[in-house]
Structures are given as structure tokens and as C-alpha cells.
**Student:** 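Before I ask anything, here is the structure I am working with.
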Amino acid sequence: MEEPQLLQQQEEEQSQSISLQDCLKLLKGERDEQRLAGLLLVTKFCKSDDLVSLRAIYDAVGPHFLDRLLRTGLGKGVVSSGSGENRDAYLQLSVTVLSAFCRVSEIASSKEMVSKVPMIFEVMSMKSGMPVLEECYEFLYLVSTASEDGLTALYESGGIKLLAHQMSALPDGSHLMELAMKLVQLMLKKLSQGIVENDHLSELSVIVTKIARQFALLQNALKFEALHLLSAIFSSEYSTLLHDALRVIQNENWSNHMRDGVATILQNRVAPAEKFEALILAESMVSIKGEGWLIGQINLPSVQDPIPADRCLLLVLESSRVEVAVLLNELAYSKYEASKSSSSTAETIISKQQKVTIVFSLVEKIIKLISNIGETEGHHLDENTFIKAINGLNETIGVVLEYLQDAKEHGQKVGNDLLASVRLVGSYLAEAPVACEDKITELLGYMLSVEGEHESSPFYSVCFLLPMLCQKTMKIEGCKLLASSGGYKAVVDCLMKLIEQNRNGVENNGCIFLACDTIMNLLKMEQITFSEDESTFISLLKALALWTEKTNDPSVVMMASSICTLIFDMTSENALLNHPSLSSSCLDSLSRLIARSLASWGQDMSDAAKADMDLLEIVTAGYSRWADRFPQIQKAVER
């Protein structure tokens, strides 16, 4: 049996050798008719993977004739046997052999092939027929992967615009779509924030919507190519610009496709890297469409039964919880356990910190969604889902607190990963101030001391915790905790920095008033004393005097005068004047502040003053207690 098969193979090789020799003779002929006949033979017998034969054929026919043939097909030139009715045939033949020749990388990278990229674009704009279009895409892909010049030609000839126009017409999951996506991937290297903003923002947003459809509908390897490509786009430096462009797209199908694709990836067994890419997409979509994107109908091609609308939310939360646990464990090991001599340690830490930022952002947005679920129109969670979400968040925050505990034990206070951890904890405790009470009691002072890498002293960590602190200090236990940990000093320092920013034109009234409320809550508690920390509150008095000197905002005046009133309970005018850091002019400003606030008391009170009635009562009651110890303030009030 083996001998006849061997003879048959030898006959086929001999036949192919004869055909190749005949073809080469025709291609080397003097007349165009001979060369055309030779190229037609090439399409009949030459296999696409026979690179040696392709090279020999290309050398025989030469680039000049191929160029003339393509131009004839485009109506820009004539081979000697050419006529108008044969143009389509010449064009088909030309593109077919060009794409075949480009399978040889040396040919694909040649100047002759690179120079034909604009003409292939012209062919693609003329012809919608699948055979010639697919070979055009093959040609572009082979030329652009063979050399940097080829990629540059693809991009500079308008590749982004062409693909944005054509991708919507390409069949889902086709080889054409696969090639188009690969071309987009290649051209991403050429894009920068400035280029996208000025030239390609609308086209890139259209491309994203088309790839999103493939990401949702396909259940093969191309689905993962779509995942990788979308992840690369949304991880780029121009992603924020792209978010803005995608927000104004009216068609909602693309965002539903993204949710379908993300849910499919997260609920199946895929590589951890691919799950993380799905989380990148989820974080981007929540940034674009809002937290409500996490709740919506999911349509999967392979699933007939309806899928609960909250499935994506729970999948994203669970995957984020796992990622937080893994990443923080790896970060802790890299920072505290791994060999310091390892050259990759610094790069590893930075990479993991960047990943932590993404999953923290997702968890924070889920916290916002859960806290506002009753107020968000059209979005509802049943009790079982709500309990699952809360349990998942509790577990996640517990892991983050363990990471902060580890950092505290290793004497680490500076790091963007630590600051991000404090921010996440603060976001959750703002909605659930009694959560994780034992751990918060242990770590509050440390969290208030955490600094970002570019901070000279703690500021943002305190800002992140203010919503929780404001609520906790409404009760004596919270005040005792803040006082005993020394955390009140961090709050005072934060308020003074916020006031300085406000005086320089940076408004952050939300944080300012939270800090003021926290300090007032402390000062109102008679059980809490600060007799040994006079300098902290004298510095605050100076800041409050400067803050209110040139403002007409009654809320600012009343808030500042209320805090000053409570501080005055702890001291006297003589004590303040004897303090080296407080000048008589500062006391003058404070006197005017108290006088202004008390002047609003009466029957003709403005609406703003009525809104701050509780603060006015604090000032009035306080003034009656200490007026005799502050003759200068008393004089200003009675003037």
C-alpha cells in the first residue's frame, strides 16, 4: 500500500515542478499576455505556504508589471492587452497575487509593497465584494506586520477612518472581522492622546462599539481577541477622552453588549489575566454609563433561560473581591518579604499598585450603587442580592484593613496603595459607620497618618475619612476614639489646609464643612478635654480668622464662629494674648467674627441665618459663658 502512495506523491511533485517551470517561462515572457497567463497559473497551482515558489514567481514577474496591473484595475493605466471590460478581472488578479506574495516577509516589507497601501485603500473603497475585500485585508495585515514602514503607511493612509467605516458591514466572527481587529490592534501603537483628541476620537468610539458586538456574540477565540483589544483601548492614555465620546452615543446596544461579554468572561473558567481584563472593561463602563450599568438584562447566545439582571453586579463584586485579596497579598509579599536584591521588585510593586487602583475603583462604585439603590430610578435589588452584596463588601473591606494592619506593623505610612486603601475604607464607612468597629478602633490613628507618595504630610487620607468621622463623633464613643488616638490633630490640620486652599480659589466646601462638623462634635462633648494641646487650637483660631475676614457667606461665618466659641470655652483673652503665635490683630478679627454672627440674632433674621439657627444658638450660649473673660470681644459685640 505504501509504494503506490509514494508514487502518487512523486507524480504530484513532478507535476507541480512542471507547472512552476511553465509558469516562470510565461512570467519572463516579453508580452503582457504571457505574464497574465503566468499569473493566472499561479492562482491555480501555487500553495499559499510554498514560500520558496512564491519568491521565485515574484522575482520572475517583477514589481513593475504588478504595479501596472494594479493601476490598470483601478483605471489608472493599461497593460498591453487591457481593455475597459477586463478591469475588474485585472483588479481581482492583481490583489490576489499581491496578497499571496506578501506571505513572504521580505516581499511584504519591500518599498514596492509598502507604496501600494494607499492603492489598496482605494480598492477597498470601491469594492464591496467579499473575495477582493478579504484579500485586501490580508495584504494590509501582512505588509503592516512585516515592517514599521508598512504600519506607518497603514496608519497615515487613513486606516483608522477606513476601519471605522467598514467594520459595521463585516460579518460577525468572520475572517474579515478578525483581520480588521488585528489591524486596529496594530494601529494603537501609533495613537497618542493628542492625535486621538485632534483626529480620531469619533472613529475610535465607533470601532469600540463594533468590537463590543463581537465581544458579546462570539463564543470562540475571537471573543478573547475582542477582550484583549478592548482592554488595551480602555487602558490607554487617551481612555478618558474616549469615555467622553462614548457617553454621547445614542445607541445603547453597545453598552449592553459590553455587559453581556463581561458577564460571560467572569462566570466561566478563564485565565486570571483575562478575568482582570474583564474587570478593566467593567470599570470603564461604570465610569462611562454610571453604576447602574452593573444592573441590566444579560443575553447570552448559549443560554435560553432568562438571567437575573443583578448577575453582572454580583459577578463583578465577587471577582473584584478575589482580585483585592490576591493583589494585596502579593503586594505585601513584594514589599515586606521578597528579596530586596530582586531587580523586578520595584516594577512588580508598581504594576500591582496600578491593578489595585482599578479594582478599588470598581468596589467603590459598587458601594455607591448599593447605598443609592433605593434612589436610583429603574434599579432594584431583592433582599437576597442585597445581603450577598453587603457580605461581599464586608469581606473586601476586611481584607483591606488587614493590609493596612500589615503596613502599620512594618512602619509603612507612605504609599499610594495605602492611600487608596484608606479611601476605599472611608467610602464604605461613610455608608456603614459602625462596620468593622474593632478594627477601626485599632487602626484609626494609623489611617489618619497615611500619606500619598507626593504628600509632605497627611491630608487626603483625612479627607477620605471625614464622612465617617463626622458620623462617629456624634456619639461620645466616637469622640473618645478620635481624641485618644490623637486623630483630632490630623482633622484640625486638614481643615487648616482646606481653608488655605479655599482662600487660594480652590473650593471644596463639602470637605471643609465635614471637618468643621467633626471638630464641633468633639468640642461640644464636655467629657473630652484638650487642656494640654493649646497650640493646635490656637493655630485653628488663626486659620478661622483668615477664612472669614473677607467672606459674606453666612454659613461660613456661623460655622467658624461656632468653632471659635467652643474653643473660647477652654481659654481666656489673656491666655491668648500671652501666646507667642497669636497676635492682637488676629484677636481683633476674631472679635469682629463673633460680633457679626451675634448681629444676625433677632426678629428680622434672614433665611440663611434661620437655616443656621443651631449654630447661632451655640454662639449665643457660649458668649454668655465666657464674655467676661474676653473684654475685647465683648466690646466689639456691644459696639
**Student:** Which heavy atom of A325 sits nearest a heavy atom of V399, and at what distance?
**Tutor:**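 Closest pair (atom of A325, atom of V399, distance): CA-CG1, 3.8 Å.
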**Student:** Would you say T518 and Y488 make side-chain contact, with heavy atoms under 4.5 Å?
**Tutor:**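 The answer is no; the side chains never approach within 4.5 Å.
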**Student:** Within the side chain of Q471, is there an N or O that forms a donor-acceptor pair under 3.5 Å with the backbone of A430?
**Tutor:**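 Yes, Q471 side chain to A430 backbone: donor-acceptor pair under 3.5 Å.
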**Student:** Tell me whether S239 contacts the main-chain N or O of S235 through its side chain, where contact means a donor paired with an acceptor under 3.5 Å.
**Tutor:**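 No.
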**Student:** Quick check against the 3.5 Å criterion: does E330 have a side-chain atom that pairs as donor or acceptor with the backbone of K352?
**Tutor:**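 Between the backbone of K352 and the side chain of E330 there is no qualifying donor-acceptor contact (under 3.5 Å).
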**Student:** Assess whether salt bridge (charged side-chain N to carboxylate O under 4.0 Å, His left out) is satisfied between E573 and R629, documenting all intermediate values.
**Tutor:** CA-CA 6 Å; E573 187 173 299; R629 302 201 309 271; over 6 Å; no
**Student:** On the 0 to 90° scale, with breaks at 30° and 60°, tag the F568-F630 ring pair as parallel, tilted or perpendicular.
**Tutor:**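 Tilted, since the angle between the ring planes falls between 30° and 60°.
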**Student:** Return the CG to SG distance between L466 and C516, rounded to the nearest 0.5 Å.
**Tutor:**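 Rounded to the nearest 0.5 Å, the CG-SG separation comes to 10.0 Å.
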**Student:** Taking the side chain as C-beta and beyond, is there a heavy-atom pair between S320 and L279 under 4.5 Å?
**Tutor:**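 Yes, close enough: below the 4.5 Å cut-off.
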**Student:** Ignoring hydrogens, what is the shortest heavy-atom contact between S231 and L281? Give both atom names and the distance.
**Tutor:**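 Closest approach of S231 to L281, heavy atoms only: N-CD2, 3.7 Å.
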**Student:** Begin from the C-alpha positions of V422 and V425 and carry the test side-chain contact (heavy atoms from CB on, under 4.5 Å) through to its verdict.
**Tutor:** CA-CA 5 Å; V422 172; V425 170; 5.7 Å; no
**Student:** Do the side chains of M520 and M559 get nearer than 4.5 Å, heavy atoms only?
**Tutor:**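 A side-chain contact under 4.5 Å exists here.
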**Student:** First locate atom CD1 of I512, then atom CG of N502, and finally report the distance between them rounded to the nearest 0.5 Å.
**Tutor:**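 I512 CD1 to N502 CG: 4.5 Å, rounded to 0.5 Å.
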**Student:** Mind running salt bridge (charged side-chain N to carboxylate O under 4.0 Å, His left out) on E318 and R321 for me, showing each step along the way?
**Tutor:** CA-CA 5 Å; E318 175 60 17; R321 183 192 67 78; 2.7 Å; yes
**Student:** Hey, are S361 and K365 close enough side-chain-wise for a donor-acceptor pair under 3.5 Å?
**Tutor:**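 Judged by distance alone, the side chains do pair up.
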**Student:** Check this for me: E383, atom CD, are more than 12 non-hydrogen atoms of other residues, nucleotides or ligands nearer than 6.0 Å?
**Tutor:**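 Counting other residues, nucleotides and ligands, CD of E383 stays at 12 neighbours or fewer.
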**Student:** Between R259 and W293, is there a donor-acceptor pair closer than 3.5 Å when you use the side chain of the first and the backbone of the second?
**Tutor:**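 Judged by distance alone, yes, a pair lies under 3.5 Å.
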**Student:** So, for C470 and N521, which heavy atoms are closest and what is the spacing to 0.1 Å?
**Tutor:**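 Of all heavy-atom pairs spanning C470 and N521, the closest is O-ND2, 3.2 Å.
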**Student:** Would K497 and E455 count as a salt bridge (charged side-chain N to carboxylate O under 4.0 Å, His left out) if you check the C-alpha gap in whole Å, the side-chain angles of each, and the deciding distance to 0.1 Å?
**Tutor:** CA-CA 12 Å; K497 289 177 184 176; E455 289 186 283; over 6 Å; no
**Student:** Using a 4.5 Å cut-off on heavy atoms from C-beta on, say whether the side chain of C494 contacts that of C463.
**Tutor:**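 Yes, close enough: below the 4.5 Å cut-off.
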**Student:** Quick one: do E549 and R592 make a salt bridge, cutoff under 4.0 Å?
**Tutor:**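 Counted as a salt bridge, because a side-chain N and a carboxylate O are separated by less than 4.0 Å.
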**Student:** How about D588 and S591: does a side-chain donor come under 3.5 Å of a side-chain acceptor?
**Tutor:**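 No, no side-chain donor-acceptor pair sits under 3.5 Å.
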**Student:** Could you grab the distance from atom OG1 of T548 to atom CD1 of I594, nearest 0.5 Å is fine?
**Tutor:**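 Answer rounded to 0.5 Å: 9.0 Å.
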**Student:** Mind checking the CG-CD1 spacing from L429 to I440? Nearest 0.5 Å is all I need.
**Tutor:**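 Answer for the CG-CD1 pair, L429 versus I440, is 4.5 Å.
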**Student:** Do any N or O atoms from the side chain of R247 and from the backbone of S287 form a donor-acceptor pair under 3.5 angstrom?
**Tutor:**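 Indeed, once roles are kept as given, a pair shorter than 3.5 Å links the two residues.
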**Student:** Pairing donors with acceptors under 3.5 angstrom, does anything connect the side chains of N329 and Y403?
**Tutor:**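 There is no such pair between these side chains.
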**Student:** Is a side-chain N or O of W626 found less than 3.5 angstrom from the main chain of T565, in a donor-acceptor match?
**Tutor:**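 Looks like yes, one N/O pair under 3.5 Å.
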**Student:** Flag the pair W547 / V557 as yes when at least one side-chain heavy-atom distance between them is below 4.5 Å, and no otherwise.
**Tutor:**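 A side-chain contact under 4.5 Å is absent here.
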**Student:** Looking at K388, I'd like to know if its NZ atom is crowded, meaning that more than 12 non-hydrogen atoms belonging to other residues, nucleotides or ligands lie closer than 6.0 Å.
**Tutor:**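 Atom NZ in K388 is not packed in, count stays at 12 or less.
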**Student:** Is the OH atom of Y460 crowded by more than 12 outside heavy atoms at less than 6.0 Å?
**Tutor:**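 No, not enclosed.
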**Student:** Does the ring of Y446 carry K413 above it, NZ/CZ under 6.0 angstrom from centre and within 45° of its axis?
**Tutor:**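 Output no; distance or angle outside limits.
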**Student:** Is there a side-chain contact between L444 and L469 (heavy atoms, below 4.5 Å)?
**Tutor:**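 Of all side-chain heavy-atom pairs linking L469 with L444, at least one is under 4.5 Å.
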**Student:** Apply the test side-chain contact (heavy atoms from CB on, under 4.5 Å) to residues L294 and D310: give CA-CA distance (whole Å), side-chain angles for both, the deciding distance (0.1 Å), then the verdict.
**Tutor:** CA-CA 7 Å; L294 290 165; D310 55 27; over 6 Å; no
**Student:** What closest approach, in Å, do I233 and Y238 show between heavy atoms, and which atom pair accounts for it?
**Tutor:**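 Heavy atoms of I233 and Y238 come nearest at O-CE1, 4.3 Å.
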**Student:** Between the side chain of D382 and the main-chain N/O of T385, is any donor-acceptor distance below 3.5 Å?
**Tutor:**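 Yes, D382 side chain to T385 backbone: donor-acceptor pair under 3.5 Å.
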**Student:** Looking at A545 and L590, what are the two nearest heavy atoms and their distance?
**Tutor:**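 Nearest heavy atoms, A545 then L590: CB-CD2, 3.9 Å.
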**Student:** With a 3.5 Å cut-off and no angle check, do the side chains of S427 and K368 form a donor-acceptor pair?
**Tutor:**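 K368 and S427 do not have a side-chain donor-acceptor pair below 3.5 Å.
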**Student:** Please check if the side chain of N416 supplies one atom and the backbone of G452 the other of a donor-acceptor pair under 3.5 Å.
**Tutor:**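 No, the answer is negative, given that no donor and acceptor are paired below the 3.5 Å cut-off.
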**Student:** Has D406 got a side-chain atom pairing as donor or acceptor with E402's backbone, closer than 3.5 angstrom?
**Tutor:**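 Not a single qualifying donor-acceptor pair exists.
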**Student:** Ignoring hydrogens, what is the shortest heavy-atom contact between F234 and V208? Give both atom names and the distance.
**Tutor:**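 Minimum heavy-atom contact is CZ-CG1, 4.0 Å.
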**Student:** How many angstroms lie between atom CG of L443 and atom OG of S421, to the nearest 0.5 angstrom?
**Tutor:**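 Output value for this atom pair is 11.0 Å.
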**Student:** Counting only heavy atoms not in D438, do more than 12 fall under 6.0 Å of its CG?
**Tutor:**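 It does not: D438 CG has 12 such atoms or fewer within range.
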**Student:** Any side-chain heavy atom of L418 sitting closer than 4.5 Å to one from Q412?
**Tutor:**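 The answer is yes, as the side chains (C-beta and beyond) meet within the 4.5 Å cut-off.
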**Student:** Within this structure, what is the SG-CG distance for the pair C436 and N394, rounded to the nearest 0.5 Å?
**Tutor:**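 CG of N394 is found 6.0 Å from SG of C436.
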**Student:** Can you check side-chain contact (heavy atoms from CB on, under 4.5 Å) on I295 and L369, steps first, answer last?
**Tutor:** CA-CA 10 Å; I295 302 175; L369 174 66; 4.0 Å; yes
**Student:** Could you check whether any side-chain heavy atom of K480 comes within less than 4.5 Å of a side-chain heavy atom of E477, counting everything from C-beta outward?
**Tutor:**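 Not touching, per the 4.5 Å side-chain cut-off.
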**Student:** With a 3.5 Å distance limit and no angle check, can you tell me whether D493 reaches the backbone of F459 through a side-chain donor-acceptor pair?
**Tutor:**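 Flag not set: sc D493 to bb F459 has no pair under 3.5 Å.
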**Student:** Please lay out, stage by stage, how D569 and R625 fare under the test side-chain contact (heavy atoms from CB on, under 4.5 Å).
**Tutor:** CA-CA 8 Å; D569 274 327; R625 291 193 301 270; 2.5 Å; yes
